[in-house]
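Protein chains get the first letters and strands the later ones, always in sequence-line order, with residue 1 at the start of each.
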Amino acid sequence: MAYLAQKPPLAPPSNELRSRIPGWGVDLDPKDRPAVPKEQFKPDATGAHWDFPERQPARWPREKSPEHAFLTPVFGTACPPSGISGAIRRYAYRFSEGRTSHWLLLLMADRIDVMESRVGALLKGRPDSRLMETGVLSEFKRHGLRSRLGHHRADVKHQWIDVLLFAAPYLAVTAGALYFATRRTPARRILRDR
Amino acid sequence: MQAMVYRGPCRVRVENKEKPAIEHPNDAIVRVTCAAICGSDLHLYHGLMPDTRVGMTFGHEFVGVVDEVGPSVQNVRPGDRVMVPFNICCGSCYFCARELYSCCHNVNPNASAVGGIYGYSHTCGGYDGGQAEYVRVPFADVGPTAIPDWMEEEDAVLLTDACPTGYQGAEMGSIKEGDVVVVFGAGPVGLFAAKSSWLMGAGRVIVIDHLDYRLEKAREFAHAETINFTQVDDIVLHLKKLTDYLGADVCIDAVGAEADGSFWQVVSNNKLKLQGGSPVALNWAIDSVRKAGTVSVVGAYGPLFSAVKFGDVMNKGLTIRSAQCSVKRHWPRLFQHVKNGVLKPSAIVTHRVPLNEIAEGYHIMASKLDECVKSLVYTSPH
């Protein structure tokens with residue numbers, strides 16, 4: 001037990017494990033593991049034939065973290081920032097990664113980006129399809145019910161929250177519309193009073 | 001070209017996108033033949049990773065054929081079959097020079113806290129990924145490696161992330177002969193971490209999950225003992241009793257941001273996205289490991305804060321080790337293990353989907369339908 005000096009005998013003998021488990025102990029020596037020690041200075045073994053890479057041309061003012069001294073020589077060019085979400089993203093990159101504002105602004109921009117894209121797709125004639133894009137049809141082809149029921153899955157217990165979260169924006173919009181439709185505006189009051 | 005495109009949380013579709021072009025002299029364009037959906041892709045899919053933009057193509061596990069190279073590329077040629085590590089790395093910065101390829105400082109202008117990763121949001125550099133017909137591969141002289149003739153394509157694609165990540169998870173545990181190792185998560189990375197723990201001389205390997213079919217896989221593939229945490233009152237106490245009240249020598253968190261098992265953690269993170277990840281598995285690892293033990297974290301978390309029990313880390317004198325895997329430094333050893341039959345990475349593949357059905361591929365993987373462990377994506381009929 002932990003209350004005595006010797007470690008309790010918790011494991012079978014190594015010989016038994018070696019005969020039972022394929023490959024047992026082939027990397028037993030901690031000093032002979034690929035990432036030991038953690039830092040190994042091997043600048044000539046990486047395949048790089050430059051001291052500092054050539055710079056990739058920037059086709060637009062590329063957003064960058066203020067924690068970098070300059071724009072890194074190579075960077076991704078997927079999805080340049082645009083629209084309101086793009087403006088928020090550019091603003092977010094004024095803050096360091098240590099600031100919560102940086103990440104919360106980026107998360108907010110992500111949600112606005114989704115709304116902008118939905119409208120954009122509709123205008124371009126290729127509207128989003130919840131049925132096709134969520135892959136929900138696989139529920140019928142890939143045993144949706146059978147995969148969930150009777151298997152002690154922890155996630156099944158709180159899937160009702162997903163339904164609430166799915167319905168929440170629709171319920172909010174409906175409630176808002178009902179409120180504005182039924183509230184007593186001054187014009188409506190005048191009409192009614194006549 | 002056809003490519004998977006993100007349309008918002010839980011929505012993806014296939015669109016025609018422009019074929020990527022050479023943007024830097026050391027770029028290559030790779031025609032993807034096989035890609036995978038990674039468990040960590042689901043964090044993007046569920047909208048947990050900040051700066052995941054609509055229109056982005058995911059996919060950081062892929063293999064293919066070199067289609068085109070930039071003028072300074074020397075190590076690969078058009079027509080070569082290559083496997084590409086998920087890390088984008090320059091090979092010459094402070095970190096790459098020390099073989100810490102996942103920390104490369106020259107490829108991600110958006111953040112200094114993480115290197116570049118294919119198809120993993122702008123927080124990881126804004127590169128399109130490999131769930132597409134073609135992909136741009138920066139620093140073609142550093143990252144990609146020719147697939148050996150004897151290696152099967154499906155083994156190769158799993159060696160671009162899941163297998164080396166699991167191996168590094170075990171390695172960071174500093175496992176000694178006879179150690180008790182507990183692996184949280186029986187997904188692909190957890191299975192490889194469990195298997196690798198034996199290679200490093202573990203005396204007992206115990207895998208924890210809530211999915212019975214994955215635990216079955218852990219017993220069959222990784223020869224591990226298994227526990228379904230929903231079937232015990234308190235998994236931490238259960239592990240303490242199993243280890244004679246000492247605790248495990250090493251715990252490996254192979255779950256990451258979307259861990260289940262605590263209602264309020266799931267609601268605050270997975271549902272309301274108010275944390276950088278639900279650290280249920282990490283907290284269990286911290287509580288289950290013995291004092292002065294090691295917790296190795298290879299599950300991926302977002303950059304926001306998470307409710308981690310750090311007081312216990314300090315009080316117990318734990319060593320916490322964590323990293324995105326530096327894939328390339330593990331390849332020579334893992335190639336040897338695959339060649340010798342010690343490891344068979346493709347044994348965990350359960351589903352193969354064509355690119356044009358990728359939305360269903362994501363749903364199957366995310367909802368754990370049809371006993372899914374690992375899905376591969378093929379760009380042409382398979």
B:Ala202, part contacting chain A, at a heavy-atom distance under 4.5 Å: backbone
Sort A:Asp51 into side chain, backbone, both or neither according to what part of it lies under 4.5 angstrom from a heavy atom of chain B. backbone
Can you tell which part of B:Tyr118 gets under 4.5 Å to a heavy atom of chain A, answering side chain, backbone, both or neither? neither
If you count the non-hydrogen atoms of other residues, nucleotides and ligands that lie under 6.0 Å from CG in A:Leu178, is the total more than 12? yes
Can you say whether B:Gln168 sits under 4.5 Å from chain A via the side chain, the backbone, both, or neither, judging by heavy atoms? neither
Side chain, backbone, both or neither: which part of A:Ala109 has an atom under 4.5 Å from a heavy atom of chain B? neither
Under-4.0 Å salt bridge between B:Glu171 and A:Arg33: no
Tell me, do A:Phe75 and B:Asn106 make a side-chain contact under 4.5 Å, heavy atoms counted? no
Looking only at heavy atoms and a cut-off of under 4.5 Å, which of B:Ile88, B:Leu334, B:Ile175, B:Val180 has the most pairs with chain A? B:Ile175
If one checks every heavy atom of A:Leu28 against chain B at 4.5 Å, the contacting part turns out to be both
Pick from A:Val36, A:Asp155, A:Leu71 with the largest number of heavy-atom pairs that fall under 4.5 Å of chain B: A:Asp155
If the threshold is 4.0 Å, N to carboxylate O, is there a salt bridge linking A:Asp27 and B:Arg333? yes
Please identify, among B:Tyr362, B:Tyr101, B:Trp331, the residue contributing the most non-hydrogen atom pairs under 4.5 Å to chain A. B:Tyr101
Contacting moiety of A:Glu16, where chain B heavy atoms sit under 4.5 Å: neither
Taking the side chain from A:His102 and the backbone from A:Glu97, do they hold a donor-acceptor pair closer than 3.5 Å? no
Answer yes if the ring centres of B:His105 and A:His68 are under 6.0 angstrom apart, and no otherwise. yes
B:Thr243 portion near chain A, given a 4.5 angstrom heavy-atom threshold: both
Decide if the gap between the ring center of A:Trp50 and the ring center of B:Phe139 is smaller than 6.0 angstrom. yes
Salt bridge present between A:Arg146 and B:Asp370 (N-O < 4.0 angstrom): no
Side chain from CB out, backbone as N, CA, C, O: work out which of these in A:Arg89 comes under 4.5 Å of a heavy atom of chain B, or both, or neither. side chain
Which portion of A:Leu164 sits near chain B, non-hydrogen atoms under 4.5 angstrom: neither
Does any backbone or side-chain atom of B:Leu369 lie under 4.5 Å from a heavy atom of chain A? Answer side chain, backbone, both or neither. both
Consider only side-chain N and O atoms of B:Asp212 and B:Asn228, and report whether a donor and an acceptor are under 3.5 Å apart. yes
Please classify the contact between B:Phe95 and chain A as side chain, backbone, both or neither, with a heavy-atom cut-off of under 4.5 Å. neither
I'd like to check A:Leu106 versus A:Tyr93 (side-chain heavy atoms, cut-off strictly below 4.5 Å). Are they in contact? yes
Just so I understand: if I count every heavy-atom pair under 4.5 Å between each of B:Pro20, B:Gly116, B:Gly47, B:Gly302 and chain A, which residue has the most? B:Gly47
Let me know if B:Lys328 has heavy atoms under 4.5 Å from chain A in its side chain, its backbone, both or neither. side chain
Using a strict 4.0 Å threshold on nitrogen-to-oxygen distance, state whether B:Lys271 and A:Asp162 make a salt bridge. yes
Measuring heavy-atom distances to chain B, does A:Lys141 have an atom under 4.5 Å in its side chain, in its backbone, in both, or in neither? side chain
Can you tell which part of B:Val266 gets under 4.5 Å to a heavy atom of chain A, answering side chain, backbone, both or neither? side chain
More than 12 foreign heavy atoms under 6.0 Å from CG of A:Leu165: is that the case here? yes
Does the distance from a Lys or Arg side-chain N to an Asp or Glu carboxylate O, for A:Lys7 and B:Asp249, drop under 4.0 Å? yes
Identify which part of B:Arg290 has an atom lying under 4.5 Å from any heavy atom of chain A, answering side chain, backbone, both or neither. neither
B:Leu199, part contacting chain A, at a heavy-atom distance under 4.5 Å: both
Given the options B:His223, B:Met56, B:Glu177, which has more heavy-atom pairs under 4.5 Å with chain A than any of the others? B:Glu177
What verdict does the ring-ring contact (aromatic ring centres under 6.0 Å, His included) test give for B:Tyr213 and A:His151, after you've listed the backbone C-alpha separation in whole Å, the side-chain angles of each residue and the deciding distance to 0.1 Å? CA-CA 9 Å; B:Tyr213 74 90; A:His151 296 292; 8.0 Å; no
Salt bridge present between A:Asp128 and B:Arg13 (N-O < 4.0 angstrom): yes
Per-residue tally against chain A (heavy atom, under 4.5 Å) across B:Asp141, B:Asp51, B:Asn26 peaks at B:Asp51
Contact class of A:Phe41 relative to chain B, heavy atoms under 4.5 angstrom: both
A:Arg62 versus chain B, heavy atoms under 4.5 Å apart: side chain, backbone, both or neither? side chain
Can you tell whether the side chains of B:Asp209 and A:Arg153 come within less than 4.0 Å, N to carboxylate O? no
Looking only at B:Glu371, B:Arg53, B:His24, most heavy-atom pairs under 4.5 Å shared with chain A are made by B:Arg53
Looking at A:Glu139, A:Glu39, A:Lys64, A:Gln40, which makes the most heavy-atom pairs under 4.5 Å with chain B? A:Gln40
Measure distances from A:Leu10 to the heavy atoms of chain B and classify the residue's part below 4.5 Å as side chain, backbone, both or neither. both
Which answer fits B:Ser112, side chain, backbone, both or neither, if we ask what part of it has an atom under 4.5 Å from a heavy atom of chain A? both
Does any backbone or side-chain atom of A:Arg148 lie under 4.5 Å from a heavy atom of chain B? Answer side chain, backbone, both or neither. side chain
Looking at A:Phe70, is A:Arg55 sitting on its ring face, NZ or CZ under 6.0 Å from the six-membered ring centre and within 45 degrees of the normal? yes
Among the listed options A:Pro8, A:Pro30, A:Ala92, A:Ala35, the residue most often paired with chain B at heavy-atom distances under 4.5 Å: A:Ala35
Answer with side chain, backbone, both or neither: which region of A:Pro80 has an atom nearer than 4.5 Å to a non-hydrogen atom of chain B? backbone
What part of A:Pro81 gets closer than 4.5 Å to chain B, counting heavy atoms only: side chain, backbone, both or neither? both
Sort B:Val14 into side chain, backbone, both or neither according to what part of it lies under 4.5 angstrom from a heavy atom of chain A. backbone
What part of B:Met49 is in contact with chain A, defined as an atom under 4.5 angstrom from a non-hydrogen atom: side chain, backbone, both or neither? backbone
Is the shortest side-chain heavy-atom distance between B:Glu23 and A:Arg59 below 4.5 Å? yes
Any heavy-atom pair between the side chains of B:Val181 and B:Ile206 that's under 4.5 Å? no
